[in-house]
2 protein chains.
Amino acid sequence: MNRKARATLQDVAQLAGVSTATVSRALSRPDLVQEETLARVSDAIARLNYVPGGAARALASGKTLTIGAVVPTLDHAIFARAIQAMQTELAGNGYQLLVAAHDYAPAQEAAAVRAMLARGVDALMVVGADHLEETWALLTTASVPVVLSWSFDARLPAIGFDNEKAGRLIADHLLDLGHRRFGMISGFTHANDRARSRVAGVRAALAARGIELPSSCVVEAPFTLAGGRAGLAELMARATPPTAVVCGNDLLAAGALFEAQASGIAVPGALSVVGIDNLEIAAHLAPPLTTVHLPTTELGRTVARHLLARLRGEAQPQRVELPIELVIRRSATAPATSPALAREPS
Amino acid sequence: MNRKARATLQDVAQLAGVSTATVSRALSRPDLVQEETLARVSDAIARLNYVPGGAARALASGKTLTIGAVVPTLDHAIFARAIQAMQTELAGNGYQLLVAAHDYAPAQEAAAVRAMLARGVDALMVVGADHLEETWALLTTASVPVVLSWSFDARLPAIGFDNEKAGRLIADHLLDLGHRRFGMISGFTHANDRARSRVAGVRAALAARGIELPSSCVVEAPFTLAGGRAGLAELMARATPPTAVVCGNDLLAAGALFEAQASGIAVPGALSVVGIDNLEIAAHLAPPLTTVHLPTTELGRTVARHLLARLRGEAQPQRVELPIELVIRRSATAPATSPALAREPS
DNA sequence: GCGGCTTATGCAAGCGCTTACATGAAAGCT
DNA sequence: AGCTTTCATGTAAGCGCTTGCATAAGCCGC
């Protein structure tokens, strides 16, 4: 309850009868100070309830022991999980995590990056490759290590996924199952290269089999269950509804599944639904969701390690692509109505 | 790409032909400097690409413009959402958010609190009232505003929910429906007073109607869907399975619902299931989940505002209890088998 | 027993800002 | 015109720590 000003290094030094330099060393390089002195210092520290002041420390040493992360939102399992993993890894190495979310608003992102750089972080991670010119300038001229995550860009080291491949993987699976009429529910693609890549991947896979995915068949919805439901409803209201819909992520897919269930559309009987991300819920939905697994926890951990390594002066690869993988469950099967036999005409 | 050392206030002052004090003022109290000077300074700042250094600023001014939040985990929608709200509110006021997650490990929490205090935060929020003595000492003697969230404790200002009431609300509802045989799936209660309070609330409500909830009927499971599934499976394997199970939170409830569905137990026909939290998914599950709504976004926002206000020197209430509310959906009805008529014997 | 080496510690110069206080110029008053 | 205010700016003293360098022991071998 004592509210007096914090004790300073000076106070400790005085109480212990040594110089401030010694106290400082006792704190950061205990191997350099004699055992007995160390004991006296520790005692003084304990007695004064001394806690070193980060600001002074940062100013004098040039390191803040803080790493920044700028993400679109924490209110999405995918980012929350990666940040959680990152934080755990950092804390284990004596670093702290400063987070900012910008809600997919590029200007807010720029502000966040600027604020972090100003505030002082020893390293920084940002999500994706869609940034304002201003943000890019800040990022590429920053005097601290910066890393991109989730996707790639030649301008900066990056640790991410091949989002386009995720789209291709899942589309190919549907194609192999015999589907020919597709719909897609994507998250908003504005300021979101991941979402755009996934759509592009799906398009590319279909195009490779001679199928076009007109933009009228891809609806953009907010990244929520409700968004997924609305998206599916819209798609199924079309004159010729799709037999398969790929969702930009599992949240949207879960929403689509709920909507199908609510409106009596049998999945996978009458409609196949697939997602991307492989959230925990995907495995538990009815039917369990076929999706593409993205190792987001590992992403967070890898980002943290990469940054930590660079801070130690170790060179790091410019690009690390984390493996993704199709996970087949039961929400997608061959289309009921269309001639599966038409597949692979020989 | 220029990697030379950052420009300092000095450099700017020199370029603009003014003193460092003036530049500093131009930055923080522009109203105090003449327009023309201001222009010259801004120009110099832009030309040098100057970004003020937070460390020096913090040291000189004693404020870090950073607020810390220590939560159990970000990998749970409930915390992620509150943190997101907090961050948004803070960013809008020029503050940044430092987060740490401790995974329900008290010692890690203590370390996190200590690290934040050392690092320098202008204010701090922690979750719940279960803390190590060490942590309490840190918290109560901190020289910066601290606030508890989610639950309450007389030792510190708090903004939270009445978790016990949440338990009572939901249990009373089930009781009113006519249930007499209960089971409960709780999250781990170790280092988690919220979970304990909820169980206690349920117990109290039942006791008030003469029903005992033996600890053999409450199973503790990890806060995941899988945990909920396992919990339900365990409960239903009992000699006399419950007709209603209340889950410590919606994630567990969703898991329980999935398990019921997978094992052919009709909900709410054969079994009523309820949760607490009111996550987005609760409304979309089949059947939609009866639960208790906790305004977590508002919690985050309120915490941020409370702290901000105290930093401005405004007095704030010692205790703010956010309203919670029963939301009745379709996962709970009168028990099929038991005599609903037995209810309220007159 | 003396030069030279290794330790353990102290000295003091900053790190890059903020902010009283001082200064000087312009403006207002009588 | 002389005096007080007011306003814009400069001066300089820190903020609490880190760290390169200097210093002072203690130790070795010859």
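Each chain gets a letter, A, B and so on, in the order its sequence line appears, and its residues count up from 1.
- Applying the salt bridge (charged side-chain N to carboxylate O under 4.0 Å, His left out) definition to pairs two or more places apart or across chains, those involving residues 102-127 of chain B are R114(B)-E134(B).
- In this structure, Q10(A) places its CD atom 11 Å from P of dC11(C), rounding to the nearest Å.
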Applying side chain to side chain contact (heavy atoms under 4.5 Å, CB included), run through L27(B) and Y50(B) and close with a yes or a no. CA-CA 11 Å; L27(B) 252 26; Y50(B) 169 73; 3.8 Å; yes

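- In the helix from dG1(C)-dC30(D) to dT30(C)-dA1(D), the terminal helix axes, each the rotation mapping four pairs' C1' atoms onto the next four within five end pairs, subtend 30°, rounded to 10°.
- Each of dA8(C), dC17(D), dG16(C) was ranked by its minimum atom distance to the side chain of T8(A); first place goes to dC17(D).
- Remark: R312(B) CZ is packed, more than 12 non-hydrogen atoms of other residues, nucleotides or ligands lying under 6.0 Å away.
- In this structure, Q14(A) places its CD atom 14 Å from P of dG16(D), rounding to the nearest Å.
- For residues 33-47 of chain A, every residue pair satisfying the salt bridge (charged side-chain N to carboxylate O under 4.0 Å, His left out) rule, not counting sequence neighbours, is listed here: E36(A)-R40(A), D43(A)-R47(A).
- Computed from coordinates, the R6(A) CZ to dG16(D) P distance equals 9 Å when rounded to whole Å.
- The CD atom of Q34(A) sits 13 Å away from the C1' atom of dA24(D) (whole-angstrom rounding).
- Each of M86(A), M125(A), Q96(A) was scored for a side chain to side chain contact (heavy atoms under 4.5 Å, CB included) with I67(A), with one residue passing: M86(A).
- When the C1' atom of dT9(C) is taken as reference, atom CD of E36(A) falls 13 Å away, rounded to whole Å.
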Close N or O pairs between protein and nucleotides 4-6 of chain C (under 3.5 Å):
none

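- Here salt bridge (charged side-chain N to carboxylate O under 4.0 Å, His left out) pairs that include residues 59-80 of chain A, with residues two or more places apart or in two chains, are D75(A)-R81(B).
- Looking at E321(A), R194(A), R196(A) one by one, the single match for side chain to side chain contact (heavy atoms under 4.5 Å, CB included) with S151(A) turns out to be R194(A).
- Atom pair L32(A):CG and dG20(D):C1' shows a separation of 13 Å (rounding to whole Å applied).
- In this structure, CG of D31(B) is placed 12 Å from C1' of dC7(D), rounded to the nearest angstrom.
- Here dT18(C) is the nucleotide among dT18(C), dA8(D), dC17(D) with the atom lying nearest to any side-chain atom of R57(B).
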Side chain to side chain contact (heavy atoms under 4.5 Å, CB included) evaluation trace for L139(A) with V126(A): CA-CA 9 Å; L139(A) 258 20; V126(A) 296; 4.1 Å; yes

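- If you check every strand for non-hydrogen atoms under 4.0 Å, V18(B) touches sugar and phosphate atoms only.
- Around the CD atom of Q108(A), the shell of radius 6.0 Å holds more than 12 heavy atoms that belong to other residues, nucleotides or ligands.
- Summarising the geometry of T73(B) relative to Y104(B), their closest heavy-atom pair is CG2-CE1, 4.3 Å, with the distance given to 0.1 Å.
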Produce the list of close N/O pairs, under 3.5 Å, pairing protein atoms with atoms of nucleotides 11-15 of chain D; give distances to one decimal.
residue, atom, partner, partner atom, Å
dC15(D), O2, A60(B), N, 3.3

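- The nearest whole Å value for the distance from the CZ atom in R29(A) to the P atom in dT9(C) is 14 Å.
- Put simply, the side chain of T88(B) gets close to the backbone of Q84(B): a donor and an acceptor are under 3.5 Å apart.
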